[in-house]
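First comes the structure, then the notes that go with it.
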Number of protein chains: 2
Amino acid sequence: MSTAERLIESTQDLLWERGYVGTSPKAIQQRAGAGQGSMYHHFSGKPDLALAAIRRTAEQMRATAEACLSAPGTAYERVRGYLLRERDVLRGCPIGRLTMDPDVIADPVLRGPVEETLDWLRGRLAEVVAEGVERGEFDAGLAPERTAASVVAAVQGGYVLARAAGSPAPFDSAVQGLLDLLAARAPHRPAP
Amino acid sequence: MSTAERLIESTQDLLWERGYVGTSPKAIQQRAGAGQGSMYHHFSGKPDLALAAIRRTAEQMRATAEACLSAPGTAYERVRGYLLRERDVLRGCPIGRLTMDPDVIADPVLRGPVEETLDWLRGRLAEVVAEGVERGEFDAGLAPERTAASVVAAVQGGYVLARAAGSPAPFDSAVQGLLDLLAARAPHRPAP
DNA sequence: GTCTATACTGTGATAGAC
DNA sequence: GTCTATCACAGTATAGAC
């Protein structure tokens, strides 16, 4: 793998673990096995490298979510598939995490991919819910946009609860609680 | 106000804004209008001062939540009151925020108040939901613990979405989406 | 109690040799 | 392209004067 690739991947890991503020160029270089000069040859500085890493992570997250949401099954089943997909819960969300980073939120360029990714996810989930309503798989009264926001928030908030508790259990509760509520709005009442 | 008090309040503000990793003793001293020696006289170092600040913030958050949850009204109304209470949404949660701080999560002493506060909140909300079920204000099938976790997650996740978007709108959607789902489980169907 | 001086390490970046 | 040397500055803490 090229040095630039290794630098990007190391940055992805460190941003996930420690955030932007908590990640130093030195730490990135050490993890990538690259020298200082090498890093500053490929990237103009920390923000530039972080941007490349954030974009890469955003792409990957989008692909993972799309795989769940475009799977076969009813709308409820696809939402359930997204909510119950395997996750390393205690690591949290590599994109959502960045919203707590003051330097990321303050810089429109760095915040860009974060905003786009979470917007896309809400929009995509809203499509699935709307489809479900059209097909009669969900109650007509279910509001797609709001429901989609609740689904994404359950995941993001679940990570917060799990990390506070030092255990994935509260994440599972939060997700299952929402799934219980959604199942009650799916006319055929599938098992949650 | 005493110097120690000013140091604690400055630390509360900075932890909320920039997190533990992003907050330096120097920045705290400047905001508090205190010298270095003064800070190290009252506190043994950054972790000690941060602990005092986190404990203070945790107390305050608990008091605010308890005020909503012990208000008069049905269980649904009290949960709604908690969810719709005024918030500075873009600032996020001063306690939930800390779960993304690697140095806080790694230190059991600093994580302690964070864990206790969010555990207490879930437990307290579960009591309210359980009471509602007993009184017939909620469907008997509603699981108190799971529902409580979903409520807290909606708020914490709502903050993430709002900060990503640079707007409180997605927070409101997530909260309202959950409220819609909960209203459908309250036999008298109050307006959400 | 509060201040200034000091020390040491880490951060983020540049310069120039190879 | 990659390396090492160097830099200015911030982070964290201690020492000792007042």
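Keep in mind that the numbers below use all heavy atoms, side chains included, and drop hydrogens, waters and symmetry copies. Below, read A as the first sequence line, B as the second, and so on, with proteins coming before strands; counting in each chain starts at 1.
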Kindly state each residue pair satisfying side-chain hydrogen bond (donor to acceptor under 3.5 Å, both in side chains) with at least one member in [range], sequence neighbours excluded.
| range | result |
| --- | --- |
| residues 33-48 of chain B | B:Q29-B:Q36 |
| residues 99-108 of chain B | A:R18-B:D103 |
| residues 148-160 of chain B | B:R87-B:Y159 |

| Is it the case that one hydrophobic cluster holds both B:I54 and B:I105, taking links as side-chain heavy atoms less than 4.5 Å apart, direct or via other members? |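 Result: no, two separate clusters.
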Of all nucleotides in DNA chain C with an atom under 4.0 Å from a non-hydrogen atom of chain A, which is the first and which the last going 5' to 3'?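 Endpoints of the contacted stretch of DNA chain C: C:dT11 to C:dT14.
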Contacts of [X] that satisfy side-chain hydrogen bond (donor to acceptor under 3.5 Å, both in side chains) - sequence neighbours left out:
| X | value |
| --- | --- |
| B:Q60 | B:Q12 |
| B:R122 | B:D119 |
| B:E134 | none |
| B:E127 | B:R124 |

Can you run down the salt bridge (charged side-chain N to carboxylate O under 4.0 Å, His left out) pairs that involve residues 24-36 of chain B, sequence neighbours left out, and say none if there aren't any?
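Matches after skipping sequence neighbours: B:D13-B:R31, B:E17-B:R31.
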Give the residues of residues 14-28 of chain A touching DNA chain D, defined as any heavy atom closer than 4.0 Å, sorted by residue number.
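Within residues 14-28 of chain A, no residue comes under 4.0 Å of DNA chain D.
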Quiz prompt | Members sharing B:W16's hydrophobic cluster (side chains within less than 4.5 Å) | solution =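 Result for B:W16 is none, singleton.
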d(CG, B:L49; P, D:dT12) in whole Å:
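In whole Å, D:dT12 P lies 12 Å from B:L49 CG.
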Subject >> Sub-4.0 Å heavy-atom contacts from residues 32-40 of chain A onto DNA chain C, ordered by number >> reply: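 By residue number: A:Q36, A:Y40.
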